[in-house]
Amino acid sequence: MQIPRSLRRADTAFFARDSKTLARQLLGQRLVHVTGGTRLSGMIVETEAYLGVIDRAAHTYGGRRTERNSSMWGAGGHAYVYLIYGLHSCMNVVAGRAEEPVAVLIRALRPEKGIDRMYERRAAARRDTDLCSGPGKLCQAMGIDRELDGINLTGDRLFVELLRSRQLPASSIATGPRVGVDYAGEWAAKPLRFAIRDDPNVSRPPPEQ
DNA sequence: CCCGTGATTTAT
DNA sequence: TAAATCACGGGG
């Protein structure tokens, strides 16, 4: 089968931008994990931007630099994967440049390849929209865990395929406050969550603006 | 609504 | 060294 010429991989330059722009730019692109000789993939339909040292909701707020968040301090184009609530992995795409600890949380995918494998990994899922409709769910379905923390996203294991060269029109992007950051004061309300409007795989539709 | 679950962070 | 926290998900 012919691979479309337009299908290129996101490179270092693609990731080296501010996290808010990258969060929008990632919508409609494809996340791929090659594992155990098989390919699992899904189209990114929901993201959140984390703005680094100024952002009270970010793990790097105030310049915090710990063993857990060290991937966020590296160059853009690497993964930041961490465990939350002792149970669930969450995957971020590190944006910007080294020493600028900004990232984009991947919150939901539309499952594409390896859907049968995803069901095997996620016993609780009843339909396709249960597979990747949340940051923990998609990591479980895609087999992404802390072993992949710090991995280079321009390599051959975990990467982004660009399905569109332009970002989606603003009219098809829903925005809203980020999820689960109520502790973050004024930063909790900022519209830093982005989703493809009306996509059934979104973890929860952002409130109407 | 509540609760599991445990690494990480922060307080003492 | 101890306590609190937590970018979540599943089951009532």
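For clarity, every value in this text was computed on a predicted model and none was experimentally measured. Below, read A as the first sequence line, B as the second, and so on, with proteins coming before strands; counting in each chain starts at 1.
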K.L.:
Can we say Asp18(A) and Arg24(A) salt-bridge, meaning some charged N sits less than 4.0 Å from an Asp/Glu carboxylate O?
P.N.:
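Salt bridge between Asp18(A) and Arg24(A), a charged N being under 4.0 Å from a carboxylate O: no.
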K.L.:
Ion pair present between Arg9(A) and Asp156(A), side-chain N to carboxylate O less than 4.0 angstrom?
P.N.:
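Counted as a salt bridge, because a side-chain N and a carboxylate O are separated by less than 4.0 Å.
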K.L.:
Grab the two heavy atoms, one from Leu163(A) and one from Gln29(A), that are nearest each other, plus how far apart they are.
P.N.:
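That closest heavy-atom pairing would be N-OE1, 2.8 Å.
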K.L.:
Given dT5(B), is OP1 or OP2 found less than 4.0 Å from the side-chain N or O atoms of His88(A)?
P.N.:
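So the side-chain polar atoms of His88(A) never come under 4.0 Å of the phosphate oxygens OP1 or OP2 of dT5(B).
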K.L.:
Is it true that, when you exclude Lys190(A) itself, more than 12 heavy atoms of the residues, nucleotides or ligands shown sit nearer than 6.0 Å to its NZ?
P.N.:
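Yes, the 6.0 Å shell around NZ holds more than 12 heavy atoms from other groups.
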K.L.:
Once you round it to whole Å, what is the distance between P of dG9(C) and CZ of Arg126(A)?
P.N.:
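For the pair Arg126(A) CZ and dG9(C) P, the rounded distance is 18 Å.
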K.L.:
Where do Leu138(A) and Ala108(A) come nearest, in terms of heavy atoms and distance?
P.N.:
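Closest heavy-atom pair between Leu138(A) and Ala108(A): CD2-N, 3.5 Å.
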K.L.:
Measure the distance from CG on Asp130(A) to C1' on dC8(C) and round it to the nearest whole Å.
P.N.:
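My rounded result for the distance is 15 Å.
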K.L.:
Please work out if Gly136(A) contacts a base, only the sugar-phosphate, or nothing of the nucleic acid, heavy-atom cut-off 4.0 Å.
P.N.:
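The residue Gly136(A) makes sugar-phosphate contact but no base contact.
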K.L.:
Starting at OH of Tyr82(A) and ending at P of dT5(C), how long is that distance when rounded to a whole Å?
P.N.:
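Distance, rounded to whole Å: 17 Å.
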K.L.:
From CG of Asp145(A) over to P of dA7(B), roughly how many Å is that when rounded to an integer?
P.N.:
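Taking CG of Asp145(A) and P of dA7(B), I get 14 Å after rounding.
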K.L.:
Nearest heavy atom decides the nucleotide; on that basis, is Leu87(A) or Leu83(A) closer to the 5' end of DNA chain B?
P.N.:
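Upstream on the strand: Leu87(A).
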K.L.:
For Arg107(A) and dC8(C), is the shortest distance between a side-chain N/O and OP1 or OP2 below 4.0 Å?
P.N.:
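So the side chain of Arg107(A) is within the cut-off, an N or O lying under 4.0 Å from OP1 or OP2 of dC8(C).
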K.L.:
On the nucleotide dA7(C), are OP1 or OP2 found under 4.0 Å from the side-chain N or O atoms that Tyr183(A) carries?
P.N.:
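Looking at the OP1 and OP2 atoms of dA7(C), one of them is under 4.0 Å from a side-chain N or O of Tyr183(A).
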K.L.:
To the nearest angstrom, how far is Arg127(A) atom CZ from dG10(C) atom P?
P.N.:
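Going from Arg127(A) (CZ) to dG10(C) (P), I get 12 Å.
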K.L.:
At under 4.0 Å, does any side-chain N or O of Arg122(A) touch on OP1 or OP2 of dG9(C)?
P.N.:
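No, because none of the side-chain N or O atoms of Arg122(A) sits under 4.0 Å from OP1 or OP2 of dG9(C).
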K.L.:
Measure from CG on Leu131(A) to P on dG10(C) and round the result to the nearest Å.
P.N.:
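Rounded to whole Å, this separation is 10 Å.
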K.L.:
Give a yes/no answer on whether the side chain of Arg64(A) brings an N or O atom under 4.0 Å of OP1 or OP2 in dT10(B).
P.N.:
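Answer is yes, contact under 4.0 Å.
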K.L.:
Measure from the side chain of His59(A), starting at C-beta and using heavy atoms only, and say which of dG9(C), dA7(C), dT9(B) lies closest.
P.N.:
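Between dG9(C), dA7(C), dT9(B), the one nearest the side chain of His59(A) would be dA7(C).
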K.L.:
Given the P atoms of dT12(B) and dC6(C), what is the spacing between them in whole Å?
P.N.:
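About 16 Å, rounded to a whole number of Å.
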K.L.:
Answer yes or no: are there more than 12 heavy-atom neighbours, outside Asp198(A) itself, under 6.0 Å from its atom CG?
P.N.:
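For Asp198(A), atom CG is not crowded (no more than 12 foreign heavy atoms under 6.0 Å).
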K.L.:
Nearest of dA7(C), dG9(C), dA7(B) to any side-chain atom of Arg146(A)?
P.N.:
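The answer is dA7(B), which lies nearest to the side chain.
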K.L.:
Any base atoms under 4.0 Å from Ala124(A), or only sugar-phosphate, or nothing? Heavy atoms, all strands.
P.N.:
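Here Ala124(A) touches the backbone only, sparing every base.
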K.L.:
Measuring from Cys132(A):SG to Ile115(A):CD1, what's the distance to the nearest 0.5 Å?
P.N.:
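Separation between the atoms: 8.5 Å.
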K.L.:
When all nucleic acid strands are considered with a 4.0 Å heavy-atom cut-off, which category describes Arg68(A): base, sugar-phosphate, or nothing?
P.N.:
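The residue Arg68(A) makes sugar-phosphate contact but no base contact.
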K.L.:
From CG of Asn92(A) over to C1' of dC8(C), roughly how many Å is that when rounded to an integer?
P.N.:
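Interatomic distance, CG of Asn92(A) to C1' of dC8(C): 14 Å.
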K.L.:
Whole Å only: how far is the CG atom of Asn69(A) from the C1' atom of dT5(C)?
P.N.:
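These atoms are roughly 15 Å apart.
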K.L.:
Under the 5.5 Å and 30° test, is Tyr85(A) stacked on the base of dG4(B)?
P.N.:
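No, Tyr85(A) does not stack on the base of dG4(B).
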K.L.:
Can you list the stems that include DNA chain B, where a stem is three or more consecutive Watson-Crick or G-U pairs with distances under 3.5 Å?
P.N.:
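For DNA chain B the paired stretches long enough to count as stems (3 pairs minimum) are B:1-4 with C:8-11, B:6-11 with C:1-6.
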K.L.:
Under a 4.0 Å N-O cut-off, is there an ion pair linking Lys137(A) with Asp130(A)?
P.N.:
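A salt bridge is absent here (no side-chain N lies under 4.0 Å from a carboxylate O).
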